[in-house]
Amino acid sequence: MDNRPIGVFDSGLGGLTAVRELKKVLPQEDIVYFGDTGRVPYGGRSPKIILEYAKQDIAFLLSKNVKCIMAACGTVSSILPQELAQSLPVPFLGVVESTAKAAATATKNGHIGVIGTAATIRSQSYAQQLRKQLENCVISARACPMFVPLVENGYLGKGNPITTAIAKEYLQEMARQDIDTLILGCTHYPLIADIIGDVVGTKVTLIDPGRETAHRLREILQQKGLLGQNTGNTEYFVSDSVDSFRTISNRFLGEYAGGSVHQIDIDQFQLSFPCPQ
Ligand code: DGL
């Protein structure tokens with residue numbers, strides 16, 4: 001048993017979709033969440049900058065004495081080198097592998113759509129994992145860079161005209177192809193899954209990275225004897241104003257309901273050991 005909290009981070013609010021799932025599958029775990037709201041979005045930046053930011057996010061969580069770290073961010077999960085993940089003093093889990101596995105299991109016709117940030121799609125991380133799972137699958141991929149700012153600014157809710165118009169622009173062509181499964185390759189996207197679902201159609205199964213990775217994390221903690229027995233407390237940390245975080249996260253996460261939120265200076269945190277690039 002290990003009663004230290006689980007550390008979760010994202011560039012912003014999207015990782016809360018993973019927190020929501022973690023609270024369902026691991027209700028007795030405490031969680032420390034960091035959202036880098038002062039530097040979101042990550043997805044249009046270069047791999048070098050994303051890696052620098054991710055290292056600081058990890059350093060902050062390690063300073064909170066977490067027992068494991070989940071990168072609830074498709075972009076960081078796509079960029080962070082495996083050697084760096086393995087050099088950390090606690091288990092590290094990204095979202096790509098579990099999400100790709102779930103999609104490979106869900107598809108019937110082997111044609112899978114992948115959407116994500118520009119950095120994620122450019123990295124081909126999901127495509128590589130999908131091919132490991134399902135050698136002959138057909139993949140249709142598309143970067144959707146406007147989705148993250150839309151979510152961060154609260155353009156949510158079925159039928160939202162602005163997000164619907166952008167979703168049509170990004171996804172109508174994919175919807176005309178024969179995909180039967182769509183990976184929401186960025187943790188922000190489940191917050192607009194209703195809008196995305198309306199564009200691609202009800203026959204397409206949407207795969208939520210937070211959900212799949214929360215289940216995988218439970219398996220890992222179980223295997224390593226790291227499960228805890230706590231009250232399920234969550235502490236939130238952000239790098240920008242606490243007020244806007246509270247307003248928007250309350251709007252889409254009913255169960256967020258009032259955990260403490262603190263603003264930190266993320267630039268003060270650096271990994272204190274030399275790590276592989
Ligand atoms: N939630 C992040 C992801 O899963 C968004 C990245 C961004 O900030 O652009 O990729």
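The chain is numbered in sequence order, starting from 1.
We find the CG-OG distance between L182 and S140 to be 9.5 Å, quoted to the nearest 0.5 Å. How far CD1 of I112 is from CG of D180: 7.5 Å, rounded to the nearest 0.5 Å. Remark: R211 CZ to L206 CG distance equals 9.5 Å, nearest 0.5 Å. Taking CD of Q82 as the start and CZ of F92 as the end, the distance is 10.5 Å to the nearest 0.5 Å. Taken to the nearest 0.5 Å, the CE atom of M146 stands 9.0 Å off from the CD atom of E169. Rounded to the nearest 0.5 angstrom, L80 CG and S123 OG are separated by 12.0 Å.
Distance alone, capped at 3.5 Å, is enough to place a donor-acceptor pair between the T17 side chain and the T187 backbone. Formation of a donor-acceptor pair under 3.5 Å by the T163 side chain with backbone atoms of L156 is not found in this model. In this structure a side-chain-to-backbone donor-acceptor pair under 3.5 Å is present from N230 to N3. The backbone N or O of N160 sits less than 3.5 Å from a side-chain atom of T164, completing a donor-acceptor pair. A distance-only check finds a donor-acceptor pair linking the side chain of Y33 to the backbone of G15 [under 3.5 Å]. S77 contributes a side-chain N or O that, together with a main-chain N or O of V95, makes up a donor-acceptor pair within less than 3.5 Å. Side-chain atoms of D2 do not come within 3.5 Å of backbone N or O of L226 as any donor-acceptor pair.
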CA sep, side-chain torsions, deciding dist, call: E173, R176, salt bridge (charged side-chain N to carboxylate O under 4.0 Å, His left out): CA-CA 5 Å; E173 197 186 316; R176 279 194 287 271; 5.5 Å; no
Derivation and outcome, side-chain hydrogen bond (donor to acceptor under 3.5 Å, both in side chains), residues T117 and T120: CA-CA 5 Å; T117 66; T120 297; 3.0 Å; yes
Test log, rule salt bridge (charged side-chain N to carboxylate O under 4.0 Å, His left out), inputs K158 and D198: CA-CA 9 Å; K158 200 171 166 64; D198 280 348; 2.9 Å; yes
Salt bridge (charged side-chain N to carboxylate O under 4.0 Å, His left out) evaluation trace for E212 with R216: CA-CA 6 Å; E212 302 309 329; R216 179 69 191 126; over 6 Å; no
Test log, rule side chain to side chain contact (heavy atoms under 4.5 Å, CB included), inputs C144 and R142: CA-CA 6 Å; C144 304; R142 169 91 211 224; 4.2 Å; yes
Stepwise side chain to side chain contact (heavy atoms under 4.5 Å, CB included) test for V19 and L16: CA-CA 5 Å; V19 170; L16 293 177; 4.3 Å; yes
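Cluster annotation: I139 is not connected to Y189 through the hydrophobic network of ILVMFWY side chains, with a link wherever side-chain heavy atoms come within less than 4.5 Å. Residues F34 and I49 share a hydrophobic cluster, clusters being chains of Ile/Leu/Val/Met/Phe/Trp/Tyr side chains in contact below 4.5 Å. By the rule that hydrophobic residues join a cluster once side-chain heavy atoms approach within less than 4.5 Å of another member, I166 and V151 end up as members of one cluster. Under a hydrophobic-cluster definition in which Ile, Leu, Val, Met, Phe, Trp and Tyr are linked whenever side-chain heavy atoms come within less than 4.5 Å, directly or via other members, L191 and V200 are assigned to the same cluster. With hydrophobic clusters built from ILVMFWY side chains whose heavy atoms lie under 4.5 angstrom apart, I179 shares a cluster with I195.
Side-chain contact check for S11 versus T75: every heavy-atom pair is 4.5 Å or farther apart. Here the side chains of I266 and D36 are in contact, with some heavy-atom distance below 4.5 Å. Residues V242 and H262 fail the side-chain proximity criterion, which asks for heavy atoms closer than 4.5 Å. Counting heavy atoms from C-beta outward, Q56 and F60 have side chains that stay 4.5 Å or more apart. Contact check for L22 versus T213: no side-chain heavy atoms found under the 4.5 Å cut-off. V66 has its side chain out of reach of I6: every pair of non-hydrogen atoms, C-beta onward, lies at least 4.5 Å apart. Side-chain contact between C186 and V148: present, with at least one pair of heavy atoms (C-beta onward) separated by less than 4.5 Å. Using a 4.5 Å heavy-atom threshold, the side chains of K67 and E29 count as touching.
In terms of heavy-atom proximity, A102 sits nearest to I207 at CB-CG2, 3.9 Å. Here the shortest heavy-atom pairing between E21 and D208 reads OE2-OD2, 4.4 Å. Taking every heavy atom of both residues into account, L184 and A193 meet most closely at CD1-CB, 4.3 Å. Residue V96 comes nearest to S125 through the heavy atom pair CG1-O, 3.7 Å, listed as atom of the first residue, atom of the second, then distance. The shortest heavy-atom contact between T37 and G12 is CG2-CA, 4.2 Å. Scanning both residues, L221 and C68, for their nearest heavy atoms gives CD2-SG, 3.9 Å.
Applying the side chain to side chain donor-acceptor pair (under 3.5 Å) test to residues at least two apart or on different chains, none of the pairs has a partner in residues 129-139.
The aromatic rings of F147 and Y170 stand perpendicular to each other, their planes meeting at an angle above 60°, with 30° marking the opposite boundary.
The only option from D240, D265, D57 that meets the salt bridge (Lys or Arg N to Asp or Glu O under 4.0 Å) definition with R39 turns out to be D57.
Under the ring pair (Phe, Tyr, Trp, His ring centres under 6.0 Å) criterion, F9 pairs with no residue, sequence neighbours left out.
Between Y236 and F245, the ring center distance clears the sub-6.0 Å criterion.
Taking the charged nitrogens against the carboxylate oxygens, K55 and E52 have no contact shorter than 4.0 Å, which rules out a salt bridge.
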